[in-house]
Every structure is written in structure tokens, then in C-alpha cells.
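Written below as C-alpha cells is the structure these notes are about.
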Amino acid sequence: MDLSYILNELGEERGQYYNAVSPPVMQTSNFAFNTVADMRGAMGNEFDATLYSRGQNPTLNILRKKLAALDGAEDALLFSSGIAAISTAVIALVKQGDHVICVENPYSWTDKLFKQLLPKFGVTTTFVPGTSVTDFEQAIKLETRVIYLESPNTFTYELQDLQAVAELAQAKGIITIIDNSYCTPLFQQPAKLGIDLVAQSATKYISGHSDVMAGVLTGSRELIRQIFEHEFMNLGPALSPHSAWLLLRGLRTLQLRLQSSFNSTRIVTDWLTRHDAVDTVLWPFSPSFSQTELAHRQMQGCGGLFSIALKNSTYAKIESFCNSLQHMLIAVSWGGHESLVLPAIASIPPDQYDTENPRHQYIRVYIGLEDPQYLISDLEQAFEKAKSADAVYG
Ligand SMILES: *Cc1c(COP(=O)(O)O)cnc(C)c1O
């Protein structure tokens, strides 16, 4: 299906709403029926009906069709956050005694799902680096039900060979899930490589304006229906119609925003790689990145998140550098119009900072829609100011 068709037309039945170009927000909790027989039909198959907005809603259904098509999947479920999509999917697939294999260092709340929530229900997880398919092969047990992937992750960007992992899992009857927030379906289509379920935090690039929380899960109609009819309806993580409408608006410019963020990130990371204040730049499309060959093989482009380490990275220097930025904001999240930094030391108290641990030194950077030269000037003046932090603190 043509990307332009998906973003501009698919799912939009304008004749049903006065030919309005922008679809209406169906801000309603419930839907009425002409007859009891009609109601009975809807109650018997809520997945395909509009009965109650915890299930389906017409504004969400437009978005549902577009997001499923973008992933090349049969169907999609929409959620009130990305982590709701991830947690609901995983909970739906496991029961007491089951085992999961997850990549090391996934998104923080995904990590807590496997380390804190699922153990309460007797589900165990093995974490593997995942940079080699044998990591997964060696961790498989008789009880393994799910392999959970995040390629790349959003801090150190390790990748998994999606096709190889999917083939391994299929041979063993194990279901694969990936968090594809970093690439979006425009830059990576895991379903085409054999991955069963694809989750995204739509809060990030799909929204693109830092004003909505949302998640999406896509997969086969059978799997999506199964998750909808049980865990989804029971846990109640439905997206609001207004948020769905904002995401539809975000989708209109997804291709332009993503391409711009990608291009600017290439310019900024090239500049940083050559800068004498910078020790390391981690970005999957950098020529020096350890898995750049795999990145180019399975990704059609690269997200605007990367991490840097400064030379002589003291706690004070990292803090001074971030505090000195005039235009780039200090904040969590990413995928919006605004460029951001998130230093690892934001979650490490000074007395626990380990100069030998590279993970402590990283500053995550997100490149938004500003002119790259504008951002480079901001970074340059912050490097200058951070130099004096070194002089002051030694
Ligand atoms: C933000 C994020 C999530 C969680 O999404 P929310 O919408 O914040 O719940 C999951 N995975 C990745 C990679 C993220 O960046």
C-alpha cells in the first residue's frame, strides 16, 4: 500500500461526516442500537462492533487501520500509553510457570514488567545481550513462550538480527514481540522479517508534538483479537478519542518529520564525531557504530536519538554541559518537535557515579525539527562552558 494513501486516505469515509477533510472526534462512551437484535449482534462480537468506547470507537478505528497498514500487519490495537501496549501484550501471552527471553536494558518500565510485575504471577525472564542469535538459542527452555526484542534500544542502541531471531522462534513455536518505537514502521518493518507482534510508544514519533500519550500494537488478526477479547477489555487501557484524533494529525506529517530528524541527526552526529570535546558517539548509522552493517541491512533510516560521552567525563562537567544548553531542553521522552538531552547522571546520585562505567557517562540526545546549525551552535557554546566546569571542580 502506498505510504501517501495510508497517511492521507485509508480508513477515512468522509461521506459519512459531511465530507469534512479532518475526521470528527467521536467523543462518546457508548453507542445506541435500533433493535435488541442489533445490540445482540454487537455484544456477541465486540471486536468488530461499536458498542462501548473501552472497546472500539470510530475515531480510533480510522487510526487503527492506518497504523496496521503502516506495519504491514492485519490489525492493530490502540492504547493509552506505549507501556500499556507492551504490558498488555506480554501479560496476554504468558501464564504461571512460563518463561520469557528479553534483551538486556530494554525501556525502563519494560524492564520492571519482567523484573517486578511478572514474577508476582510466577513468570520468569532471562535477559540476554541479543547482539548474537546464539544468545537466544542458548536461553530457550521448554517453558519459553515469548522472546521480547527492542532493536535498537534507546540508550546504547544494541540491535538484534530480527530475521534470524524470528526464524529461531518460529521453529520452536515461540512468539516474538518487538518495541519498534525508535524506527517507526517507516524505517523498520519487523512483521516483514517474521516478528509476530510490533509495539510502539505512539507518544514519540507518531504523535510528534509532545502532547499525547499513546501506544499501538499490531499483528495478525487472530492474535490481536485474542488480546482484545481478554486482557485488553479486562485491563481497560483504551485510548481517548481526542488523543486518537491528535495522532491522526501527527500521522499527516510523520514522513516529513522523521526524514528531517534523521537528516539533522546525521549532520549533528558527524560534527560531534569530529569534535575534540567528545569521546564517543553512539548512533546506529554512524560509520563507527559496532553494528552499523546490520543497522543498514534491516533499517531503512535511523531515528534522531543518539548518545554521547564527553572526554574526561566528570559528574560536574556533564551537569555543566547540560545546564549550559540554551535551546535544547533537559527532559525525558523524545520524538517531538523539540531537541532534548537526558544525561544518565539524572538518575545516579553523585556518590554512586563510577568513572569506569561508560553507561554512567552517556548523555542521550534527541534531535527534533530545529535547524541542525542552530543546534550545533547551542552544543558548541555548552562545550565551551563545560570546559570551565573542569577548571573549577578539577
Ligand atoms: C517512551 C517509550 C516507551 C513507553 O511509552 P509510553 O508512551 O511512555 O508509555 C516504550 N519504549 C520506548 C523505546 C520508549 O521510548
Side-chain angles (χ1 to χ4, degrees), residues 60 63 67 71 76-91 102-117 127 130 148-160 162 176-188 190 195 197-218 232 235-240 242-244 246-247 250-251 254 257-258 261 265 282-284 295 299 302-307 329 331-336 338-342 344 346-347 362 364-368:
L60 272 73
L63 183 64
L67 290 173
D71 270 344
L77 266 182
L78 308 172
F79 295 81
S80 55
S81 71
I83 198 62
I86 292 164
S87 299
T88 305
V90 173
I91 290 168
C102 180
V103 286
E104 276 169 8
N105 305 310
Y107 173 70
S108 58
W109 289 97
T110 305
D111 202 53
K112 291 189 178 86
L113 168 71
F114 292 118
K115 285 184 180 159
Q116 293 172 13
L117 196 146
F127 290 88
Y148 187 92
L149 309 171
E150 196 179 302
S151 183
N153 70 41
T154 54
F155 189 58
T156 46
Y157 315 96
E158 285 86 2
L159 312 183
Q160 300 96 56
L162 301 186
T176 44
I177 309 183
I178 187 170
D179 180 338
N180 198 38
S181 306
Y182 183 87
C183 285
T184 85
L186 270 55
F187 286 166
Q188 180 165 270
I195 302 296
L197 287 169
V198 180
Q200 270 185 92
S201 169
T203 310
K204 311 295 163 53
Y205 273 131
I206 303 293
S207 151
H209 294 75
S210 305
D211 51 11
V212 192
M213 299 294 307
V216 55
L217 181 73
T218 64
F232 182 85
L235 295 170
L239 184 67
S240 80
H242 183 244
S243 294
L246 286 168
L247 294 173
L251 280 184
L254 176 64
R257 289 185 287 103
L258 206 57
S261 178
T265 304
L282 289 180
W283 187 57
M299 292 157 56
C302 200
L305 266 183
F306 61 91
S307 297
L329 306 176
V332 297
S333 197
W334 54 275
E338 78 291 6
S339 293
L340 306 170
V341 292
L342 168 60
S347 54
Y362 292 133
R364 188 178 82 175
V365 182
Y366 168 70
I367 300 298

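If you're wondering where the values come from, they're calculated on a predicted model, not measured in any experiment. Order of appearance sets the numbers: ligands from 1, and atoms from 1 within every ligand. FYI, the numbering just counts along the sequence from 1.
Among all protein heavy atoms, the one lying closest to atom 7 (O) of ligand 1 is Thr203 OG1, 2.6 Å. Scanning the protein heavy atoms around atom 1 (C) of ligand 1, the nearest turns out to be Lys204 NZ, 1.4 Å. Protein heavy atom nearest atom 8 (O) of ligand 1, with residue, atom name and distance: Met213 CE, 3.6 Å.
Residue Trp109 does not touch ligand 1, judged by heavy-atom distances below 4.0 Å.
Between Leu162 and Thr176, the closest side-chain pair of non-hydrogen atoms is not below 4.5 Å. Annotation: side chain of Asp179 is not in contact with side chain of Thr154 (no heavy-atom distance under 4.5 Å). Annotation: side chain of Gln200 is in contact with side chain of Pro185 (closest heavy-atom distance under 4.5 Å).
Here the CG atom belonging to Leu305 is positioned 12.0 Å from the CG atom belonging to Leu282, to the nearest 0.5 angstrom.
Considering backbone and side-chain atoms together, Gly82 places an N or O closer than 3.5 Å to an N or O of ligand 1. Residue Ala84 has no N or O atom closer than 3.5 Å to an N or O atom of ligand 1. Taking only nitrogen or oxygen atoms, main chain and side chain alike, Ser201 reaches within less than 3.5 Å of ligand 1. Some N or O of Asp179 is nearer than 3.5 Å to an N or O of ligand 1, by distance alone.
Side-chain contact annotation: Tyr362 with Thr156, donor-acceptor N/O pair under 3.5 Å absent. A side-chain N or O of Ser261 and one of Tyr205 form a donor-acceptor pair less than 3.5 Å apart. Using modelled atom types, one finds no donor on one side chain facing an acceptor on the other under 3.5 Å when comparing Glu150 with Thr110.
For ligand 1 and Ala214, the ligand atoms under 4.0 Å from any heavy atom of the residue are 7 (O). If you number the atoms of ligand 1 from 1 as listed, the ones under 4.0 Å from a heavy atom of Trp334 come out as 15 (O). Each of the atoms 4 (C), 5 (O), 6 (P), 9 (O) of ligand 1 lies under 4.0 Å from some heavy atom of Ile83. Counting atoms of ligand 1 from 1 in the listed order, those under 4.0 Å from a heavy atom of Thr154 are 13 (C).
Under the 3.5 Å distance criterion, the side-chain polar atoms of Glu158 are left unmatched by any main-chain donor or acceptor of Gly130.
The shell of residues lying under 4.0 angstrom from ligand 1, judged by heavy atoms, excludes Ala199. Heavy atoms of Tyr182 stay at 4.0 angstrom or farther from ligand 1.
Classification of the Trp334-Tyr182 ring pair by plane angle, with boundaries at 30° and 60°, yields tilted.
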